[in-house]
Amino acid sequence: MKLYNTLSGKLETFHSSNDVVKMYVCGVTPYSQSHVGHVLRAVVFDVLRRYLEFKGFLVKHVENFTDIDDKMIQRAESTGVSTNKLADDNINIYLSEIKEMNILPAHVYPRATQEIPKIIEMIEGLIGKGFAYCIEGNVYFRVRKDEDYGKLGRRSLDTMIAGSRVEIDENKEDVMDFALWKCEKPGEPSWDSPWGYGRPGWHIECSAMALSHLGFPIDIHGGGQDLVFPHHENEIAQSESYVGSEPMSRYWLHNGLVRLGSGKMSKSDGNLVTVKDALQNHSADELRLFFLSAHYRSPLSYTEEGVSTQTRAVERLRNAVRSTSPGGSSYTVQIGDFKKRFISAMDDDLNTPRALAVLFELSRHINKGIENGYNVVQIQDTLQGLCNVLGLTLAEPIFNREPEFFPLINLLVDTNAELRSRGREDLSGNMYEQLRVSGISIEEILGVGGQAPKSLDGFSSSDADKIITILVELRDIIRSEGLYELSDSIRERFGDLGFILEDSSTGTKWKRS
RNA sequence: GGCGACGUAGCCAAGUGGUUUAAGGCGGGGGUCUGCAAAACCUCUAUUCGGCGGUUCGAAUCCGCCCGUCGCCUCCA
């Protein structure tokens, strides 16, 4: 497998250094809700992890939360909560969104504030070796001492300083020196240290967490492209200077950034769509397919329309996997060839667009096989398996009780009235008998005969399924008797409720849209 | 100002010297099936890869220039 290593600027063949692939991915600063860019990053590294595991590697995945920094402090102050509470709340939201996106949870989620001893230990070590110095309670990293500083971003100190917008701090020896430890300011959270009360600077927490949870060196260090400089550059400088060897990470992987409108999606600029809003309008599979339809290193423009077009594509895969296969002889397709093509695409720096093309071709073969009466179970299993490697669930959309249930009952009642007005008490009676057998009482639900309407709490998705199935079967009878006007109107009303009815010679199938 | 990325059909997006007179998805046209619709299948939808030059037997793919979009150099996934 080849991966693009930012450090070398080339595709490199990936080898694990030992039994377990040690992967550290830079997570979020939990001062507010996450946006689509964060979840894209999470999906990219989720796919990397799933694919490594598919290839037989064991992966230890660590993802951090930087739960103390300027933004955390500002936001906590302005909302009147502690930085801890702020972090807890946003972390909980993030983790539930990760789950909804079918992203495998990291094995460890360390938090900066819980790694203070390790951070202090590292800073002391850096001072001891002359890589850092303390001035008035602040500790800075001495970039001039680190001769290969700038190697990740491929830039030199001098070109960076020329024409740059680095803030001038008279205390620092060099404008490019960055803070390892920041002196306490009144009212801010702080920890005791050899340099007085204060808090860690940005960057050092990741070095400390990677070192304590994964050791040195690690195999893969990941994050968004906007972290290359200065965050990852500084991590390298600190970690390699502290340990006294290199590399800190054998591979550095960076995903492309999400664009919204004319610029990149960004939390601090407020140019964003939250994960919450995205998941309100789109399913996890739709979002994931949208992300994976472009290469992970290219920028991706987020538009509602762009994600929405994935609805049909997801459905295509879902239909192929879920359609009932005829029994009998197997459809002859070289499954091995498709798997090979999938693997060769993924081996090529996770070329998910090419991998997806293979999945869509498999889908077409499944449908063709079914149409010709062949057994396609094996191909379906292959497709489902490869979808799993990409983290696509192909799950049916979830039943939403409140908006669906009463309209469904209304449809049932109206259909009943229609039948009776046509003098088909036989069919209406038949329907009620079916409902009774299924343990569903319309009278109870509607509260007929002076009873209070029954609460919906007792009804589940499977009750809704029963009612739908009974109605669909009834409609089949209506259809077979040529009452097309009525059957079409029932299908239309199902459509309004978000259900698709597909008629065929072997009966009617229904599904949620 | 410095460094870097990108520009492929109506839209999204692979392909980076010859089995590609350019995958796949969405959209659209035509057809098959069907009472109709949907799904599905078949078929068509870029003689051409931002523009202009050059290298080569041969370029979307390499080189040069130009135009355009974006990222980093400052907090950022």
Side-chain angles (χ1 to χ4, degrees), chain A residues 9 25-29 31 34-45 63 66 69-71 74 150 153-156 158-167 176 202 222-231 233 254-259 262-269 272 289-290 292-295 297-301 303 305-317 319-320 323 341 345 348 351-361 363-364 366-372 479-480 482 484-485 487-488 491-492 495 500-505 508-511 513:
Chain A
V25 182
C26 277
V28 298
T29 303
Y31 70 87
S34 304
H35 60 61
V36 171
H38 299 120
V39 83
L40 165 82
R41 183 226 63 211
V43 165
V44 165
F45 288 96
E63 182 175 321
T66 298
D69 83 329
D70 293 352
K71 293 250 166 52
Q74 280 167 23
R154 266 180 292 288
R155 56 187 87 194
S156 72
D158 299 322
T159 59
M160 276 188 276
I161 293 162
S164 75
R165 291 160 281 177
V166 190
E167 65 179 87
M176 293 305 291
W202 186 41
Q225 271 166 0
D226 53 353
L227 294 186
V228 172
F229 191 92
H231 186 56
E233 193 71 60
H254 295 97
N255 63 274
L257 303 178
V258 175
R259 287 194 213 166
S262 57
K264 76 163 176 173
M265 196 173 281
S266 163
K267 207 147 72 158
S268 46
D269 300 346
L272 55 82
L289 200 61
F290 177 66
L292 300 183
S293 65
H295 187 85
R297 283 192 286 118
S298 334
L300 182 67
S301 291
T303 61
E305 197 203 349
V307 188
S308 293
T309 59
Q310 303 302 326
T311 311
R312 289 299 329 270
V314 170
E315 214 173 293
R316 196 171 166 72
L317 295 172
N319 282 341
S323 294
R341 284 174 53 206
D348 183 17
N351 193 326
T352 51
R354 238 166 77 206
L356 285 172
V358 175
L359 302 191
F360 285 109
E361 283 180 41
S363 301
R364 197 168 62 248
I366 288 167
N367 292 327
K368 222 191 287 191
I370 290 173
E371 191 153 291
N372 294 310
R479 216 159 55 87
S480 69
Y484 293 124
E485 194 200 330
S487 73
D488 285 354
R491 186 171 60 197
E492 231 171 84
I500 295 167
L501 268 52
E502 294 175 1
D503 295 328
S504 75
S505 52
T508 300
K509 287 190 291 189
W510 66 270
K511 62 184 182 183
S513 61

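Below, chains carry the letters A, B, ... as their sequence lines are ordered, and counting in each starts from 1. Computed from a predicted structure; not experimentally measured. The analysis underlying the following values was restricted to heavy atoms, covering all of them including side chains, and did not include hydrogens, waters or symmetry mates.
Side-chain contact check for Lys267(A) versus Tyr31(A): some heavy-atom pair is nearer than 4.5 Å. Between Tyr484(A) and Arg479(A), the closest side-chain pair of non-hydrogen atoms falls below 4.5 Å. With contacts defined as side-chain heavy-atom distances shorter than 4.5 Å, the pair Arg491(A)/Thr508(A) does not qualify. Contact check for Leu40(A) versus Met265(A): no side-chain heavy atoms found under the 4.5 Å cut-off. For the pair Asn372(A)/Lys368(A), a side-chain contact is recorded, criterion being any heavy-atom separation below 4.5 Å from C-beta on.
Checking G15(B), C75(B), A23(B) against the side-chain heavy atoms of Pro353(A) singles out A23(B) as nearest. Distances were taken from every side-chain heavy atom of Ala313(A) (C-beta onward) to each of C42(B), C26(B), A13(B); the shortest belongs to C26(B). Among the nucleotides C41(B), G24(B), G2(B), the one closest to the side chain of Ala357(A) is G24(B). For Asp226(A), the side-chain atoms get nearest to C72(B) when compared with the rest of C41(B), G15(B), C72(B). Of the candidates G25(B), G2(B), C72(B), G2(B) carries the atom nearest the Thr159(A) side chain, counting heavy atoms from C-beta on. Distance from the side chain of Asp488(A) is smallest for C36(B) among the nucleotides C36(B), A77(B), A39(B). Picking from A77(B), A37(B), G25(B) the nucleotide with the shortest atom distance to the side chain of Cys26(A) gives A77(B). When distances are taken from the side chain of Ser298(A) to each of A14(B), G35(B), A40(B), the shortest belongs to A14(B). The Arg259(A) side chain lies nearest to U69(B) when the options are U69(B), C72(B), A38(B). With G35(B), G15(B), C41(B) as the candidates, the nucleotide lying closest to the side chain of Arg354(A) is G15(B).
Counting non-hydrogen atoms under 4.0 angstrom, Asn255(A) reaches a base of the nucleic acid. When heavy atoms are screened at a 4.0 angstrom cut-off, Asp69(A) is found touching no nucleic acid atom at all. Heavy atoms of Gly263(A) sit under 4.0 angstrom from primed sugar atoms or phosphate atoms, though from no base atom. Using a 4.0 Å heavy-atom criterion, one finds that Ser262(A) contacts the sugar-phosphate atoms exclusively. In this structure, Val39(A) reaches neither bases nor backbone, as no heavy-atom distance under 4.0 Å exists between it and the strands shown. Residue contacts shown for Ile370(A) are absent, as no nucleic acid heavy atom lies under 4.0 Å away. Residue Lys267(A) is classed as a sugar-phosphate contact, given heavy-atom separations below 4.0 Å to backbone atoms only. Note on Arg479(A): a base of the nucleic acid sits closer than 4.0 angstrom, heavy atoms only. Nucleic acid contact for Gly27(A): sugar-phosphate only, since backbone atoms but no base atoms lie under 4.0 Å from a heavy atom of the residue. Using a 4.0 Å heavy-atom cutoff across all strands shown, Gly37(A) reaches at least one base atom of the nucleic acid. Contacts of Gln225(A) with the nucleic acid, taken as non-hydrogen atoms under 4.0 Å apart, are absent. Across all strands, His35(A) comes closer than 4.0 Å to base atoms (heavy-atom distances). Counting any heavy atom pair closer than 4.0 Å across all strands shown, Ser293(A) reaches sugar-phosphate atoms only and no base atom.
Annotation for Ala313(A) and Leu289(A): closest pair CB-CD2, 3.6 Å, computed over non-hydrogen atoms.
For the OP1/OP2 pair of A77(B) and a distance below 4.0 Å, the side-chain nitrogens and oxygens of Arg297(A) include no atom meeting the criterion. Between Asn319(A) and A39(B) there is no side-chain polar atom (N or O) within less than 4.0 angstrom of OP1 or OP2. For Asn351(A), a side-chain nitrogen or oxygen approaches OP1 or OP2 of G15(B) to under 4.0 Å. Side-chain N/O atoms of Arg316(A) include none lying less than 4.0 angstrom from OP1 or OP2 on A38(B). Look at Lys264(A) and you won't find any side-chain N or O under 4.0 angstrom from OP1 or OP2 of A77(B).
Searching all strands for a Watson-Crick or G-U wobble partner of G1(B) with both distances below 3.5 Å returns C73(B). The nucleotide U19(B) finds no pairing partner, because no Watson-Crick or G-U wobble arrangement with both distances shorter than 3.5 Å includes it.
Rounded to a whole angstrom, the distance from the P atom of G15(B) to that of A37(B) is 40 Å. Atom C1' of U16(B) sits at a distance of 10 Å from the matching atom of C62(B), rounded to the whole Å. As rounded to the nearest Å, C42(B) and A59(B) have C1' atoms that lie 34 Å from one another.
A salt bridge links Arg341(A) with Glu361(A): at least one charged nitrogen is closer than 4.0 Å to a carboxylate oxygen.
The aromatic ring of Tyr484(A) sits over the base of G35(B), with ring centres less than 5.5 Å apart and planes tilted by under 30°.
Counting distance only, with no hydrogens placed and no angle test, the side-chain atoms of Thr309(A) and the base atoms of C26(B) include no donor-acceptor pair under 3.5 Å. Looking at Arg364(A), its side chain has no donor and acceptor atom pair within 3.5 Å of the base of C41(B). Under 3.5 Å, the side chain of Lys368(A) and the base of C41(B) form no donor-acceptor pair of N or O atoms.
Under the 3.5 Å distance criterion, the side-chain polar atoms of Arg41(A) are left unmatched by any main-chain donor or acceptor of Gly222(A).
Both Asp503(A) and Arg41(A) lie close to RNA chain B; mapped to their nearest nucleotides by heavy-atom distance, the more 5′-ward contact belongs to Asp503(A). Where Val358(A) and Leu257(A) meet RNA chain B, the nucleotide closest to each residue was compared, and Val358(A) sits on the side nearer the 5' end.
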